[in-house]
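The block underneath contains the structure these notes are about, expressed in structure tokens.
Atoms within each ligand, like the ligands themselves, are counted from 1 in listed order.
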Amino acid sequence: MKLVRLIAGAFVVVVVAAGGVTAATRGTPEPARRYVTDDLGRALTLHGFNTASSAKSTPDALPKLAEEDVEREYRDMGTNFVRFLIQWRAVEPSPGTYDTKYLDKVAERIAWYRDRGYHVMLDMHQDLWGSGITPAGTAGNGAPLWATFTDDLPVATEQATWELFYLEPGTIRAFDHFWNTTGDHPELMDRYAKAWRAVAERFKDDPTVIGYDLMNEPWGGSVQGAAFETGPLATLYRKSISEIRSVDSESWIFLEPQAVGVNWGLPSALPYFDDPRTGPDRIAFAPHLYPLPLDLGDDYTAGSKAWIDRTLGWWRDSILRTADRMRAPVLLGEFGLDMTRPGAADLVGKVQAIADEMGAGLAYWSRDESPWGPYDKGQPTPLVAAYDRPYPRAVGGVPRRVTFDAKTTTLRVDFDANETGDTEIYLPAASFPRGGKASIGQATWDAKRRILTVKTKTYGLIELSVTPA
Ligand code: IDC
């Protein structure tokens with residue numbers, strides 16, 4: 001009897017204490033200062049593009065991109081990162097057969113980035129499951145035909161916006177089979193995880209490949225929200241992590257939440273995932289950001305600005321809470337809008353400031369030639385100026401705070417130094433025409449790459465200011 005009461009009492013204490021902790025953490029969460037790191041262990045600010053949406057529909061699943069395009073991007077914006085789209089249909093054209101020629105062509109493109117000091121994340125992209133959801137193949141992309149089972153349920157041929165195809169019965173059924181909600185196709189998730197192993201096997205020794213984004217914008221079909229994220233999605237992630245780690249213990253693994261809702265700032269329920277590698281976990285959280293007012297047609301201007309800013313605040317807080325639970329650094333894997341819209345450049349600046357404050361990397365959607373991208377019909381859009389900004393692309397320590405004051409042209413990087421290596425700062429020509437000078441340490445300026453390398457002491461707090469030379 002006594003023991004029962006003791007256990008019951010302990011239970012009450014634990015529940016009350018946990019409630020108190022939850023209440024205490026409902027305030028504005030602080031960034032946890034977790035970073036994706038390079039092979040030296042330096043904290044990275046990943047700054048780049050999704051490249052490219054065109055890979056969804058080309059027969060060879062490669063983006064429309066030439067080496068000169070990478071060169072131009074670096075020259076114009078000093079990016080150091082690419083979320084490179086790959087497709088399951090091309091990796092595994094028939095069950096258990098992996099297309100090594102496709103992976104070779106991907107490797108050829110990765111080399112263009114390597115030569116310019118980039119980090120490449122491979123993104124297994126899908127939208128609306130795959131092209132097999134409609135007979136004409138015009139709606140979805142990603143999954144191979146052999147993995148597409150709609151049970152002949154209907155999918156409309158036209159929709160007002162592409163996202164609405166997610167609600168078509170045939171699309172939902174294709175996902176329900178993949179997640180094995182139907183119980184008819186338990187093999188599909190295993191195939192997917194093994195396809196990732198084939199990709200990891202190919203790229204595990206390539207230091208340019210920083211990691212793998214396991215699935216673009218997972219959609220749960222008839223299972224949604226927390227039930228999906230802690231259920232079948234977590235199962236797929238565990239299977240894929242285990243397959244990847246069986247061949248590659250070094251690369252980072254990037255996990256996305258359910259896109260619907262979380263893209264707008266609602267909380268994700270993704271749990272912590274154990275990383276079976278030796279050494280610290282290398283699992284990152286890679287959500288997207290598409291503020292709902294923009295989706296609904298508003299601009300970042302007087303009438304809607306306050307509302308959009310509020311949704312950005314919810315997004316920041318929700319993402320930091322989930323990242324804390326996952327004990328993972330954050331990469332904002334997609335954010336973008338039509339740059340011809342009023343206020344677009346301001347919004348890009350605002351999102352970059354939020355990402356910096358969170359210590360998160362950012363991949364803009366997308367690198368395609370279009371009014372959303374940096375170039376349209378060969379000409380720069382307002383995105384080029386908005387996205388070309390000074391930033392510490394690698395820090396020899398753990399950043400505390402990174403801010404740029406445009407009025408005084410001062411980039412401030414505060415970090416707790418460690419012995420991982422030198423700090424590298426990209427400085428745009430517009431604000432730093434002759435490069436930069438550092439307030440402490442020894443600085444070397446590489447005018448061609450526009451990189452200021454700063455060697456500081458390797459312990460203690462470093463408060464580094466960079467101003468124009
Ligand atoms: C969009 C492309 C568009 C294409 C559509 C469907 O810009 O041309 O028709 O995909 O394939 C996402 C997706 C990303 C979307 C992007 C913009 O991950 O694939 O690209 N977006 O709509 N989620 C929210 C927005």
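Remark: F81 engages no residue in a ring pair (Phe, Tyr, Trp, His ring centres under 6.0 Å) (not counting sequence neighbours). Take H288 and apply the ring pair (Phe, Tyr, Trp, His ring centres under 6.0 Å) test, not counting sequence neighbours, and it matches no residue.
Between Y391 and H47, the two ring planes are tilted [angle within 30° to 60°].
By the 4.0 Å N-to-carboxylate-O rule, D324 lies close enough to R34 to be salt-bridged with it.
Listed as neighbours of ligand 1 are S53, K56, H125, D127, N141, W162, N216, E217, Y290, E334, W365, each bearing a heavy atom under 4.0 Å from the ligand.
Around the NZ atom of K204, the shell of radius 6.0 Å holds more than 12 heavy atoms that belong to other residues, nucleotides or ligands.
Note on residues 147-165: pairs passing salt bridge (Lys or Arg N to Asp or Glu O under 4.0 Å), not counting sequence neighbours, are D151-R173.
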